[in-house]
Amino acid sequence: MSEVATGTFTPKPGGAPITRQVVAQALMEAKLMLRNGEQLLLAVVIPVMVLIGGVTAGNAIELDLGTDRALVDILTPGVLALAIMSTSFTSLAIATGFERRYGVIKRLGASPLPRTGLLAGKVLALGCVQLVQLFIIGGVGQILGWTPAAGFGTVLAFFLAIAAGTLAFASLGLFVAGVLRAEATLAAANLIYLLLLAGGAVVLPLTAYGAYGDVARWLPSGALGEAVRTAFLDGVPAWRDLGVLLIWALLGSTLTARTFKWE
């Protein structure tokens, strides 16, 4: 009786390690987001236009924001916060909404990548896009004369602001995308973006809104704007604003976990 030959087969059957799957999913999500014209418009073009237009118009009319800091030093962090909001909330909600409509989410949910890994990949992809936003918007700000606070404290404070802001807005974006139809998600995400841009205290500081600033500070947009501004103006974390963002992140995550529909 002949013996059965044994050997090593390549590739080895089975899924890749979960970390590799999540990273691969994140890179794919980031590429798709940056290749989409509408998403690129929200992520980069509009924030850059807001920064250039705001600095130009503000200097022309001598806009008073209740501080002696240069206008570009106030607006650049605010526009960075706007970019984080647009990517983490609006772009994510719209992309996820249409992925649900076309059955992409359902099919990915049946792949070796766990559903929690799929959501983690989406959030990680936001970090890749935000890095691009930081270089582009920060570079434009430097050309316009932006002088942020230097040091490790600034880097740490900005990282905490990005992390908390991304968690808050991503959880809210997934909540919207998980309960509404694709067309409704598109309309709702853009409407909320415009409302927060105009009255959410994200680009301009709370002092520019008078008494309404006491309300806007509790919005995720106001908390993110203040956290990023504090990081680049003072070089320290804005703990109260970070706490507000974490509360919104907890609320959004709870709502998403209870209501998100995969198809």
Side-chain angles (χ1 to χ4, degrees), residues 33-34 36 38-58 63 65 69 71-95 126-144 146 148 157-173 176 188-209 212-213 216-233 238 241-242 244-245 248-249:
M33 189 176 297
L34 291 174
N36 186 298
E38 181 182 354
Q39 309 300 341
L40 190 62
L41 180 69
L42 284 169
V44 177
V45 178
I46 290 180
V48 169
M49 292 175 61
V50 170
L51 177 59
I52 296 175
V55 172
T56 303
L63 181 65
L65 298 178
R69 301 295 296 265
L71 181 60
V72 67
D73 291 341
I74 301 295
L75 291 185
T76 304
V79 171
L80 284 171
L82 175 67
I84 295 170
M85 183 183 77
S86 66
T87 301
S88 302
F89 176 75
T90 312
S91 296
L92 178 62
I94 294 173
L126 299 179
C128 299
V129 177
Q130 288 165 356
L131 186 62
V132 175
Q133 291 174 312
L134 174 61
F135 277 107
I136 295 177
I137 298 172
V140 173
Q142 291 285 314
I143 294 174
L144 295 174
W146 179 39
F158 182 53
F159 173 79
L160 292 176
I162 287 182
T166 299
L167 289 175
F169 280 105
S171 63
L172 294 171
V176 172
N190 281 315
L191 177 60
I192 294 172
Y193 171 79
L194 291 175
L195 290 175
L196 293 180
L197 171 60
V202 58
V203 176
L204 298 177
L206 297 173
T207 54
Y209 292 87
Y212 173 69
R217 72 170 61 248
W218 299 105
L219 297 175
S221 54
L224 177 59
E226 288 301 301
V228 177
R229 272 186 291 274
T230 301
F232 284 114
L233 291 175
D241 300 304
L242 293 174
V244 172
L245 288 171
W248 279 102

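These values consider heavy atoms only, across backbone and side chains, with no hydrogens, waters or symmetry-generated copies.
A pairwise comparison of heavy atoms in Arg229 and Val202 identifies NH1-O, 2.9 Å as the closest pair. Residues Leu242 and Ala164 come closest through the heavy atom pair CD2-CB, 4.0 Å. Closest approach of Gln142 to Pro148, counting heavy atoms only: NE2-CD, 3.6 Å. Contact detail for Pro220 and Leu245: the closest heavy-atom pair is O-CD2, 3.4 Å. Minimum heavy-atom separation, Ser221 to Gly200: OG-O, 2.7 Å. Nearest approach of Leu233 to Arg69, heavy atoms of both residues: O-NH1, 3.4 Å.
In this structure, the separation between CG on Leu131 and CG on Leu126 is 12.5 Å, given to the nearest 0.5 Å. Considering CG of Leu82 and CG of Leu197, their distance stands at 5.5 Å, rounded to 0.5 Å. Separation of atoms CG (Leu196) and OG (Ser86) is listed at 11.5 Å; rounding is to 0.5 Å. If you take CG on Asn190 and OG1 on Thr90, they are separated by 6.5 Å, rounding to the nearest 0.5 Å. Note that CD1 of Ile192 is 10.0 Å distant from CE of Met85, once rounded to the nearest 0.5 Å. Once rounded to the nearest 0.5 Å, the distance linking CG of Leu51 with CD1 of Ile46 reads 14.0 Å.
Side-chain contact between Val203 and Leu75 is present, with at least one heavy-atom pair separated by less than 4.5 Å. Side-chain contact between Leu224 and Phe169: present, with at least one pair of heavy atoms (C-beta onward) separated by less than 4.5 Å. Taking 4.5 Å as the limit, every side-chain heavy atom of Trp248 sits out of range of all side-chain heavy atoms of Ser171. Leu195 is listed as a side-chain neighbour of Leu191, based on a closest heavy-atom distance under 4.5 Å.
Between Phe158 and Phe232, the ring planes are tilted. Angles from 30° to 60° get that label.
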Derivation and outcome, side chain to side chain contact (heavy atoms under 4.5 Å, CB included), residues Leu206 and Glu226: CA-CA 8 Å; Leu206 297 173; Glu226 288 301 301; 3.7 Å; yes
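In Tyr212, the OH atom is crowded: over 12 heavy atoms of neighbouring residues, nucleotides or ligands sit closer than 6.0 Å.
Distance alone, capped at 3.5 Å, places no donor-acceptor pair between the Thr56 side chain and the Gly53 backbone.
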